[in-house]
Amino acid sequence: MSEKAHILVIDDEKNYLLVLQTLLEDENYSVTAISDPETALAFLAESEVDVVVTDMKMPRVSGREILQEVKKDWPHIPVLIMTAFGSIESAVEVMKYGAFDYITKPFSNDDLLISIHNAVELSRAHRQYRLLQEMVEERFGVHQIVGRSKVIRDVLHMVERAAPSRSTVLISGESGTGKELVARAIHYASPRKEKPFISVNCMALNPGVLESELFGHEKGSFTGAVAMRRGRFEQANGGTLFLDEIGELTPDLQVKLLRVLQERRIERVGSSEEIEVDIRVVAASNKDLGAMVEQGLFREDLYYRLNVVQIPLPPLRERREDIPLLVAHFVEKFITENNKQPKSFSNKALNYLTGYEWPGNIRQLENVVESCLVLVPGPVIEVDDLPAGIRDEEAQFKSAVDLLPVQLDLADTLEKIEAALIRRALVRADLVQVKAAEYLGISKSLLQYKLKKYGITGH
């Protein structure tokens, strides 16, 4: 063994304790032998133990009571029960309370060692699973939603309030705003976090394939169905199913999804048997589903089934103060994952990134940061190192105009363009307001009025 497993042995008969301790230490286990059950429970609260071996009949606290305490407070620790009064009835009783195994005194050393070996393997598997679970929660938890802007704090508050419930959640926002990250954060902050999180992109598959992907199919139900397959609903049973780009569902699939949400039952393709599923659905769309309902493109009843809790995600251009934080987050992530030397963006380069309109949102920002970290040899990334599209003022202006909705009255359109021009001037002026006002041909006081009007922070 690379690391000694720690075995706690509890028996009021000190001779047995000595025999067991010697036997297990000879097998390279670390052993703590305690004759008082109450002291043993106190020891458990303070120590890392892999397996508990306890006698059944002891004064004051019985082996069954030890078992119940361990299962309540340390359910991952296997418990072996020993007794000199073995019977089928007592064996059934302790196994019912969750004992890993039952050993009758006098026992065979080989039988005991095999049982302890198996218990240690189970304990280590549980420990590895818990470590993996912690790593997953660390990667996809709420704290991975980076930002300090009011709009992102509002999103975090909604995630924290929605996560503990069973309610269906609809996440809306442009492509690249982090909808799947929010969906995972909801899952890993919920009571379902130890069950599966299953993701399906409804736009990535054609309708025929998507139906089989969601609901599964029986062998022979269509050409190529050579075996029964469980769909994503079954795979997510007990956990969360994330349906991305839900607006791409065909009318037929919309009807089937509505039925699942209402009845919590599915039918595999090619089968009439109903299968009950316990899932939480989190859906996402970069389209306005309410507008699609009005246009007759999305079922109204399904929309209201999905839109129980709505979490709108802002585009990156509406949370510019978060851009430096996101850049730092992506830099650290890339350097850690690729074991690279630390690098940083200069203040002027950060200003350019902050002033850009980011039509591809956070996903585009992450790609730009990674590209700079790969291609720039020096420790500091300057403005000239940024992709040409980020540095080019005409490209920035065109990007800002392209992001404007098609239907806007002239006054609203001009205000949005004015706000984009002010941001661009601030970037060119390294956030010095006097210099930015000169670029724009206006007074500093008028610039400050415009900054307040458009909510531009200068970061």
side-chain contact (heavy atoms from CB on, under 4.5 Å) assessment of Ile246 paired with Leu302:
CA-CA 11 Å; Ile246 193 77; Leu302 176 57; 5.6 Å; no

Go through the side-chain N and O atoms of Ser165 and Arg280 and say whether any donor and acceptor fall under 3.5 Å apart.
yes

The residue among Asp154, Val309, Ile311, Ile171 that forms side-chain contact (heavy atoms from CB on, under 4.5 Å) with Val159 is Ile311

Once side chain to side chain contact (heavy atoms under 4.5 Å, CB included) is applied, do any residues pair with Glu211, and if so which ones, sequence neighbours excluded?
Phe215, Leu253, Lys256, Val269

Is the backbone N or O of Glu267 less than 3.5 Å from a side-chain atom of Ser271, with the two atoms forming a donor-acceptor pair by type?
no

Return yes if a side-chain donor-acceptor contact under 3.5 Å exists between Ser123 and His76, otherwise no.
no

Check whether any side-chain N or O of Arg264 sits under 3.5 Å from a backbone N or O of Ile279 as a donor-acceptor pair, and report yes or no.
yes

Of the non-hydrogen atoms in Ala33 and Gln21, which two are nearest, and what is the gap between them?
CB-OE1, 3.5 Å

Side chain Asn338, main chain Lys340, donor-acceptor under 3.5 Å
no

Pairs flagged by salt bridge (Lys or Arg N to Asp or Glu O under 4.0 Å) wherever residues 28-42 is involved - sequence neighbours left out:
Asp36-Arg60, Glu38-Arg60

Is the shortest side-chain heavy-atom distance between Leu24 and Leu113 below 4.5 Å?
yes

Check against salt bridge (Lys or Arg N to Asp or Glu O under 4.0 Å), Asp301 and Arg305
CA-CA 6 Å; Asp301 45 6; Arg305 278 282 178 180; over 6 Å; no

Test your reading of the model: is there a side-chain donor-acceptor pair from Trp358 to the backbone of Leu353, 3.5 Å cut-off?
yes

Could you check whether atom CG of Asn206 has more than 12 heavy atoms from other residues, nucleotides or ligands sitting under 6.0 Å from it?
yes

So do Arg299 and Val255 actually touch side chain to side chain, heavy atoms under 4.5 Å?
yes

If you take all heavy atoms of Phe242 and Ala183, which pair is closest and at what distance?
CD1-CB, 3.5 Å

Whether the side chain of His329 engages the backbone of Gly147 through a donor-acceptor N/O pair (distance < 3.5 Å, no angle test) should be reported.
no

Salt-bridged, Arg259 to Glu274, with N to O below 4.0 Å?
yes

Does anything in residues 366-385 form a salt bridge (Lys or Arg N to Asp or Glu O under 4.0 Å)? List the pairs, not counting sequence neighbours.
Lys333-Glu366

Show your working on side-chain contact (heavy atoms from CB on, under 4.5 Å) between Thr240 and Arg184 and close with a plain yes or no.
CA-CA 9 Å; Thr240 302; Arg184 288 182 182 274; over 6 Å; no

Around atom NZ of Lys348, are there more than 12 heavy atoms of other residues, nucleotides or ligands at under 6.0 Å?
no

Please confirm whether the backbone N or O of Val79 pairs with a side-chain atom of Lys71, one donor and one acceptor, at under 3.5 Å?
no

Does some side-chain heavy atom of Leu8 sit less than 4.5 Å from a side-chain heavy atom of Val31?
no

Glu276 meets the salt bridge (Lys or Arg N to Asp or Glu O under 4.0 Å) criterion, sequence neighbours left out, with Arg265

Go through it in stages, so that I can follow the logic: the residues are Met56 and Ser62, the test is side-chain contact (heavy atoms from CB on, under 4.5 Å), and I'd like the CA-CA distance, side-chain angles, deciding distance and then a yes or no.
CA-CA 6 Å; Met56 183 68 151; Ser62 69; 5.7 Å; no

With no hydrogens and no angle check, is any side-chain donor or acceptor of Thr336 less than 3.5 Å from a backbone partner on Glu332?
yes

Side-chain donor/acceptor of Arg320 to backbone N/O of Tyr356, under 3.5 Å:
yes

Decide if atom OH of Tyr454 counts as having more than 12 heavy atoms of other residues, nucleotides or ligands within a radius under 6.0 Å.
yes

Nearest 0.5 Å, what's the OH-CG distance between Tyr29 and Leu23?
9.5 Å

Minimal non-hydrogen separation, Thr32 against His6, with atom names
OG1-NE2, 2.7 Å

Does Asn307 use its side chain to pair, donor to acceptor, with the backbone of Tyr303 at less than 3.5 Å?
no

Check whether Asn361 reaches the backbone of Arg363 with its side chain - one donor and one acceptor, N or O, closer than 3.5 Å.
no

Indicate the atoms forming the closest heavy-atom contact of Ile186 with Val169, along with that distance.
CD1-CG1, 3.9 Å

For Ile362 and Thr177, the nearest pair of non-hydrogen atoms, with its separation, is CD1-O, 3.5 Å

Taking only residues two or more places apart in sequence, or in another chain, which ones meet Lys72 in a salt bridge (Lys or Arg N to Asp or Glu O under 4.0 Å)?
Glu69

Residues passing the side chain to side chain contact (heavy atoms under 4.5 Å, CB included) test with Val308, sequence neighbours excluded, are Ser167, Thr168

In short, salt bridge (Lys or Arg N to Asp or Glu O under 4.0 Å) pairs touching residues 236-255 with sequence neighbours left out are Glu248-Lys287

Sequence neighbours excluded, which residues qualify as salt bridge (Lys or Arg N to Asp or Glu O under 4.0 Å) partners of Asp278?
Arg166, Arg192

Does Glu27 pair with Lys4 as a salt bridge, N-O distance under 4.0 Å?
no

Let me see the working for Glu273 and Arg268 under salt bridge (Lys or Arg N to Asp or Glu O under 4.0 Å), right down to the final yes or no.
CA-CA 8 Å; Glu273 179 187 353; Arg268 296 192 190 117; 5.5 Å; no

The criterion is side-chain hydrogen bond (donor to acceptor under 3.5 Å, both in side chains); which residues satisfy it with His217, sequence neighbours excluded?
Ser212

Suppose we screen for side chain to side chain contact (heavy atoms under 4.5 Å, CB included). Which residues come up paired with Glu13, at least two apart in sequence or across chains?
Asp11, Tyr16, Lys105

Does some side-chain heavy atom of Phe100 sit less than 4.5 Å from a side-chain heavy atom of Ser115?
yes

Partner residues of Ser149 under the side chain to side chain contact (heavy atoms under 4.5 Å, CB included) criterion, sequence neighbours left out:
Val151, Ile152, Arg319, Glu321, Asp322

Which residues satisfy the salt bridge (Lys or Arg N to Asp or Glu O under 4.0 Å) test with Lys219, sequence neighbours excluded?
none

